[in-house]
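What follows is a single structure, written as structure tokens, with notes after it.
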There are 4 protein chains.
Amino acid sequence: MYSKFFNISPDKQERILNAALKEFAQKGYEKASTNEIVKEAEISKGLLFHYFKNKKELFLFLYDYFVEIIMDEFYSKIDWNERDLFIRFRDLIVLEFELMKKYPDIFNFFMAAYHEESADVKIELEKRNKEILVSSYQKLFTDIDTSKFKQGIDINRAINIIIWTMEGFSNEQQKKGKFRTVDQINMEEILSEIDHYLNLLKTSFYV
Amino acid sequence: MYSKFFNISPDKQERILNAALKEFAQKGYEKASTNEIVKEAEISKGLLFHYFKNKKELFLFLYDYFVEIIMDEFYSKIDWNERDLFIRFRDLIVLEFELMKKYPDIFNFFMAAYHEESADVKIELEKRNKEILVSSYQKLFTDIDTSKFKQGIDINRAINIIIWTMEGFSNEQQKKGKFRTVDQINMEEILSEIDHYLNLLKTSFYV
Amino acid sequence: MYSKFFNISPDKQERILNAALKEFAQKGYEKASTNEIVKEAEISKGLLFHYFKNKKELFLFLYDYFVEIIMDEFYSKIDWNERDLFIRFRDLIVLEFELMKKYPDIFNFFMAAYHEESADVKIELEKRNKEILVSSYQKLFTDIDTSKFKQGIDINRAINIIIWTMEGFSNEQQKKGKFRTVDQINMEEILSEIDHYLNLLKTSFYV
Amino acid sequence: MYSKFFNISPDKQERILNAALKEFAQKGYEKASTNEIVKEAEISKGLLFHYFKNKKELFLFLYDYFVEIIMDEFYSKIDWNERDLFIRFRDLIVLEFELMKKYPDIFNFFMAAYHEESADVKIELEKRNKEILVSSYQKLFTDIDTSKFKQGIDINRAINIIIWTMEGFSNEQQKKGKFRTVDQINMEEILSEIDHYLNLLKTSFYV
DNA sequence: TATGAATGAGAATTCATTCAT
DNA sequence: GATGAATGAATTCTCATTCAT
């Protein structure tokens with residue numbers, strides 16, 4: 001599967017990958033044009049369909065390919081020894097920011113994929129349980145130290161509240177246009193604001 | 001502006017409005033077909049473009065039109081005398097559920113608009129500060145009773161945490177497919193879960 | 001159905017009909033190019049699909065349309081009072097030759113349709129029991145005078161033999177290239193040969 | 001000519017031959033895909049075009065190759081001592097049925113070739129006077145015993161009538177779908193009906 | 001011999017928008 | 001106001017054939 005593609009020169013692989021990534025990230029699945037992709041990648045029309053039998057397969061290939069790359073790097077860098085929920089969370093956010101800075105196109109692509117409405121692709125995307133980073137925090141808090149929580153607090157719901165707070169904050173930043181594209185993030189400022197929220201929640205949930 | 005449209009028979013206005021609403025709600029901006037809209041509304045192709053100079057204007061008109069309708073009803077039904085944050089919030093959610101049940105097509109349209117990626121329309125949508133209900137809770141908590149909060153708690157951030165928790169919960173429901181379309185909501189069950197979260201937060205933030 | 005098409009100017013109707021007829025007749029369903037059709041008919045690409053939702057519908061429309069025209073003319077010109085099998089048959093053949101001379105393109109189209117292998121269209125063609133002239137002689141001999149036949153002769157099978165002899169003869173002419181296209185028929189010569197065959201069979205089957 | 005092809009291993013020859021035969025038989029010349037052929041034959045794209053300079057040559061090579069095989073077997077099995085027209089004819093039909101059962105793919109290919117409309121190939125096919133079995137009976141009745149015919153009967157035309165009757169009957173069976181593919185023939189039933197026709201003609205033509 | 005990457009014209013179809021009537 | 005015929009660029013995808021390796 002896709003062995004054809006992996007056998008060509010790495011340079012050409014990269015050109016195709018990047019061209020497709022950019023096009024899908026910018027325009028979404030439906031509006032992305034295979035014509036633009038081949039033009040940008042400087043390959044012929046037929047060649048793209050020689051590697052990927054149709055647009056959908058190309059899209060899903062890209063998705064799987066980059067999910068694996070990002071996830072590998074992500075999981076390998078997590079400090080699993082840190083069992084304090086809030087510290088762990090903060091670490092994850094910092095890590096995510098770093099990855100976003102390193103691979104902005106990939107993250108833009110993931111966001112496009114996450115919001116994809118096209119029936120063609122949506123179902124396939126949902127089948128894949130490798131959910132993208134943005135919405136997969138839940139698994140990352142299984143071995144957390146629960147001894148610090150106030151009695152009577154439902155820890156799973158508490159974790160959800162923290163996650164959703166972070167997501168909500170992040171969405172708001174996006175809406176404000178604070179980081180229209182991934183590369184314009186003012187990390188200091190944002191981290192400081194995140195710490196305010198994390199502290200507020202820590203005060204609330206910890207003894 | 002749009003005076004042409006408002007001068008035709010209310011029956012025809014409604015047919016056009018509903019046809020367009022449904023089409024955009026189902027397929028999103030890009031994939032929505034003006035052909036389908038005129039067919040459903042039983043008007044000619046030319047007429048649609050006589051009223052609205054292009055697809056984008058039609059979409060944005062619909063948006064503004066229905067935002068106003070929904071907002072009017074929403075604001076008029078809020079009990080502004082209830083100043084307890086959590087009660088106010090719960091009231092708002094119940095109210096929103098009621099409206100969703102009453103105008104499911106409109107809410108499906110809003111959701112489609114909220115997730116719209118199409119560059120054409122996204123920018124225009126962002127310009128409008130009448131943000132859609134889903135994400136506009138912030139303004140609704142200006143006159144809240146702050147005396148019940150624990151000392152040292154930043155109330156604005158606390159409100160955001162509540163809002164984002166509710167949004168995150170709602171998104172998760174959608175992802176689970178619990179309410180694929182607006183009309184299949186199990187209100188009892190969801191309200192009960194919402195109350196768990198609200199109580200957890202109340203315990204955390206109130207004295 | 002197809003009212004759109006019938007409402008345009010007869011001149012344009014004819015241009016489209018003829019262009020499509022010629023293209024399908026020459027290249028068969030699959031290889032016929034809608035591009036060529038619109039070029040020949042001097043209309044835009046979109047317009048063809050405005051009238052006929054796809055290539056298949058265009059093809060089947062042509063088929064039904066011309067079958068009706070030819071059949072109407074054919075049946076209206078048959079002398080139903082002539083009840084002698086061989087005279088009737090000869091009349092029909094002469095009539096068919098006349099029609100082929102009058103509408104050569106249509107007959108070329110029918111022959112293409114008759115041999116059409118494309119699954120897309122074959123099934124639809126088979127559904128239509130209006131079989132094309134070439135293969136529908138059977139119905140034309142229901143009221144024949146059977147008193148002249150030798151005793152013991154199965155009349156239905158005898159009729160089949162006559163039909164198949166005529167068809168076989170006709171196919172052989174085509175194979176020999178004697179009438180590569182419909183308009184080059186040497187009617188005298190062919191009729192004379194046909195009469196030989198009919199006489200041979202008449203001698204065999206009649207008392 | 002084709003010496004390249006005949007020098008490779010018989011196993012590979014056979015794979016290529018069978019793959020091409022099947023593809024052309026199923027889809028006809030135009031729609032047959034060289035991609036499918038090389039995939040099925042497990043050879044590379046380039047190799048196919050190394051042996052046969054293009055699709056057309058491959059097709060015509062197949063045709064010549066299999067016509068020869070079938071014809072050799074056919075002619076070698078005819079009982080040339082049987083000089084009665086009707087017995088000879090019946091023998092031929094039985095022989096043909098046997099071959100069709102033995103080599104169904106080849107016969108399906110012949111039928112596809114016989115109906116081929118593609119201009120590219122049609123002309124070449126017509127040039128070859130090795131006509132395929134189905135339509136080449138004529139040569140098989142040169143040494144027939146003519147003494148049994150009624151006086152005044154043109155024997156060549158009589159033979160044609162028999163041939164065309166058989167062909168017509170066979171075509172009708174196909175149209176009825178009685179043998180959609182070669183392997184589902186109910187030989188008993190068909191032979192019985194054939195005998196009816198042969199007897200009718202025998203009674204008519206013999207003294 | 002053998003490979004399979006690469007080509008690029010051409011296929012059918014869609015669609016927002018215009019404009020003469 | 002109202003019609004709907006007309007446009008044509010853009011879409012995804014196919015395929016026989018070539019050629020450097």
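As the structure is a prediction and not an experimental result, all values here were calculated from the model. In what follows, every chain begins at residue 1, and chains take the letters A, B, ... in the order their sequences are listed.
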Legend entry - Mutual orientation of the aromatic rings belonging to F59(C) and Y29(C) [parallel < 30°, tilted 30-60°, perpendicular > 60°]: perpendicular
Legend entry - Distance, rounded to the nearest Å, where F49(C) contributes CZ and dA10(F) contributes P: 18 Å
Legend entry - Separation between the C1' atoms of dT21(F) and dT1(E), rounded to whole Å: 13 Å
Inset, instruction - Would you mind reading off the distance between L58(D) atom CG and dC15(F) atom C1', rounded to a whole angstrom? - result: 15 Å
Legend entry - E14(D), CD: over 12 other non-hydrogen atoms inside 6.0 angstrom: no
Inset, instruction - Assign K55(D) to base, sugar-phosphate, or nothing according to its heavy-atom contacts below 4.0 angstrom with the strands shown. - result: sugar-phosphate
Inset, instruction - Please tell me if the side chains of V38(A) and L47(A) come closer than 4.5 Å, counting only heavy atoms from C-beta onward. - result: no
Legend entry - Heavy-atom donor-acceptor pair, K31(C) side chain to F24(C) backbone, under 3.5 Å: no
Inset, instruction - Can you tell me the pairing partner of dT21(E) across any strand shown, Watson-Crick or G-U wobble, with both distances under 3.5 angstrom? - result: dA2(F)
Legend entry - Comparing L48(B) and T34(A) on DNA chain F - which has the more 5′ nearest nucleotide: L48(B)
Inset, instruction - For N54(B) and for G46(D), locate the closest nucleotide of DNA chain E by heavy-atom distance; then report the residue assigned to the nucleotide nearer the 5' terminus. - result: G46(D)
Inset, instruction - Give F5(D) one of three labels, base, sugar-phosphate or nothing, depending on what nucleic acid heavy atoms sit under 4.0 Å from its own. - result: nothing
Legend entry - Selection from dG1(F), dA2(E), dT18(E) that lies nearest to any side-chain heavy atom of S44(D): dA2(E)
Inset, instruction - Using the closest heavy atom to pick a nucleotide of DNA chain E for each, name whichever of A32(B) or E42(D) lands nearer the 5' end. - result: E42(D)
Inset, instruction - Indicate, with a heavy-atom threshold strictly under 4.0 Å, whether K12(D) touches base, sugar-phosphate, or nothing. - result: sugar-phosphate
Legend entry - Proximity to the side chain of I43(D) - top-ranked nucleotide from dT3(E), dT3(F), dG8(F): dT3(E)
Inset, instruction - Looking at every strand, decide which applies to N7(A) at a 4.0 Å heavy-atom threshold: base, sugar-phosphate, or nothing. - result: nothing
Inset, instruction - Output yes when at least one side-chain N/O atom of Y51(D) is less than 4.0 Å from OP1 or OP2 of dT1(E), else no. - result: no
Legend entry - Side chain K45(B) and base dT17(E) donor-acceptor under 3.5 Å: yes
Legend entry - Closest listed nucleotide, where the reference is the side chain of S33(A) and the choices are dA16(E), dT11(F), dA2(F): dT11(F)
Inset, instruction - Could you tell me whether a side-chain N or O of E30(D) sits under 3.5 Å from a main-chain N or O of E30(C), the two making a donor and an acceptor? - result: no
Inset, instruction - Round to the nearest Å and state the distance from K31(B) atom NZ to dT13(E) atom P. - result: 16 Å
Inset, instruction - Figure out the CZ/P separation between F59(A) and dT11(F), and round it to whole Å. - result: 18 Å
Inset, instruction - Could you check which nucleotide pairs with dC15(E) in any of the strands shown, counting Watson-Crick or G-U wobble with both distances under 3.5 Å? - result: dG8(F)
Inset, instruction - Whole angstrom is fine here: how far is it from NZ in K4(B) over to P in dT3(F)? - result: 15 Å
Legend entry - Between C1' of dG1(F) and OH of Y2(B), the distance in whole Å: 19 Å
Inset, instruction - For the side chain of N35(C), starting at C-beta, report the closest nucleotide among dA11(E), dC13(F), dA16(E). - result: dA11(E)
Legend entry - Contact summary for A32(B) and K27(B), nearest pair of heavy atoms: N-CB, 3.9 Å
Legend entry - Sugar-phosphate, base or nothing in reach of K39(D), heavy atoms under 4.0 Å: nothing
Inset, instruction - Please state how far atom NE2 in H50(A) lies from atom C1' in dT17(F), giving the value in whole angstrom units. - result: 13 Å
Inset, instruction - Look at all strands and tell whether I8(A) reaches a base, only sugar-phosphate, or nothing, counting heavy atoms closer than 4.0 Å. - result: sugar-phosphate
Legend entry - Integer-rounded Å distance: dA16(F) C1' and L47(D) CG: 16 Å
